[in-house]
Amino acid sequence: MTGFRLPESARRRKEPGGILPEHQEAKRQRLLSNHVKECHGTADFVSEIGKLWEEAQAKFLTIGRYLVQAKEGLPHGEFESMVANQLPFGRSVAYQLRMVAQAVEQRRIAEDDLPRSYTNAYKLVLLDDGALRRAHEAKVVRPDVSRRELTEFLNKIKAESQQGTPEQERRAQRIAWLLSRAKALSHEMAQIQAELHALSGGIRDRKRAHHH
């Protein structure tokens, strides 16, 4: 006991359940601030994501959910253009935030267990289901996990994997990963080329209109 007592007026203001009205309002505001609203068009997504990013990186999950919504809802090529030109972070961060949000939606990691650092959360998302179960058992899937703790766990997993995997199988896994990465990059390059083509066409149209 600390000996601290609420003033009588504050005790009278308490709601049933011991929650003060101002605390109830603060909780309501936090819930409202994390609500993902329906966005229509690039400007809406840029506005909402920009405000969240400025508040704190603690909002990374909500930002990731907006990015998932944008990726699924915007016209072809517009999402990549928005990330590259109009958001306060680049493609790499956007991808990590989106993958973390998808992992939560898929219930691979509980929202309450997410590390406060999105980089730590992303490292956990990259684990396969078996390694992720081990991460839970090792108690590194928690909000206050440090980078050092997580790095030590990941290094341990990597060392055990290398010791137990024949060289030929390791090469096959590396080839499979490289092929998957090449496919993803090829898809991204096709989107970039389509966007460049569209932009170039617009420039040519304006030049022709100017000459006429």
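The residues of the chain are indexed from 1 along the displayed sequence. Heavy-atom basis, side chains included; hydrogens, waters and symmetry copies ignored.
The nearest pair of heavy atoms linking Leu67 to Ala94 is CD1-O, 3.6 Å. Ser146 approaches Asn120 most closely through the heavy-atom pair C-ND2, 4.0 Å. Heavy atoms only, all atoms of each residue included: Asp128 and Ala131 are closest at OD1-N, 2.7 Å. For Cys39 against Tyr66, the heavy-atom pair with the smallest separation is SG-CE2, 3.8 Å. Between Phe60 and Arg116, the closest heavy-atom pair is CE2-O, 3.3 Å. Glu149 and Asp144 get closest at one heavy-atom pair: OE1-O, 4.4 Å.
Within the 4.5 Å cutoff, no side-chain heavy atoms of Gln193 are placed close to those of Glu188. Side chains of Phe89 and Leu97 form a contact here, defined as non-hydrogen atoms less than 4.5 Å apart. Counting only heavy atoms from C-beta outward, the side chains of Arg142 and His136 never approach each other to under 4.5 Å. The side-chain heavy atoms of Phe79 and Phe45, taken from C-beta on, include no pair separated by under 4.5 Å. Within the 4.5 Å cutoff, no side-chain heavy atoms of Arg171 are placed close to those of Gln173. By the 4.5 Å heavy-atom criterion applied to side chains, Ile192 and Glu80 are not counted as neighbours. The shortest distance between side-chain heavy atoms of Leu87 and Val93 does not fall below 4.5 Å.
A salt bridge links Arg65 with Glu111: the distance from a Lys NZ or Arg NE/NH1/NH2 to an Asp or Glu carboxylate oxygen falls below 4.0 Å. Taking 4.0 Å as the cut-off between side-chain N and carboxylate O, Arg148 and Glu152 count as a salt-bridged pair.
Leu127 CG to Arg133 CZ: the interatomic distance, rounded to the nearest 0.5 Å, is 11.5 Å. To the nearest 0.5 Å, the span separating NZ on Lys139 from CG on Asp113 amounts to 10.5 Å.
With sequence neighbours left out, the side-chain contact (heavy atoms from CB on, under 4.5 Å) criterion links His76 to Gln191, Ala194.
For the side chain to side chain contact (heavy atoms under 4.5 Å, CB included) with Leu150, the qualifying choice from Asn155, Val141, Leu124 is Leu124, the only one to do so.
Environment of CZ in Arg108: crowded, with over 12 heavy atoms of neighbouring residues, nucleotides or ligands closer than 6.0 Å.
Checked by atom type, the side-chain pair Ser81/Glu78 shows no donor-acceptor distance below 3.5 Å.
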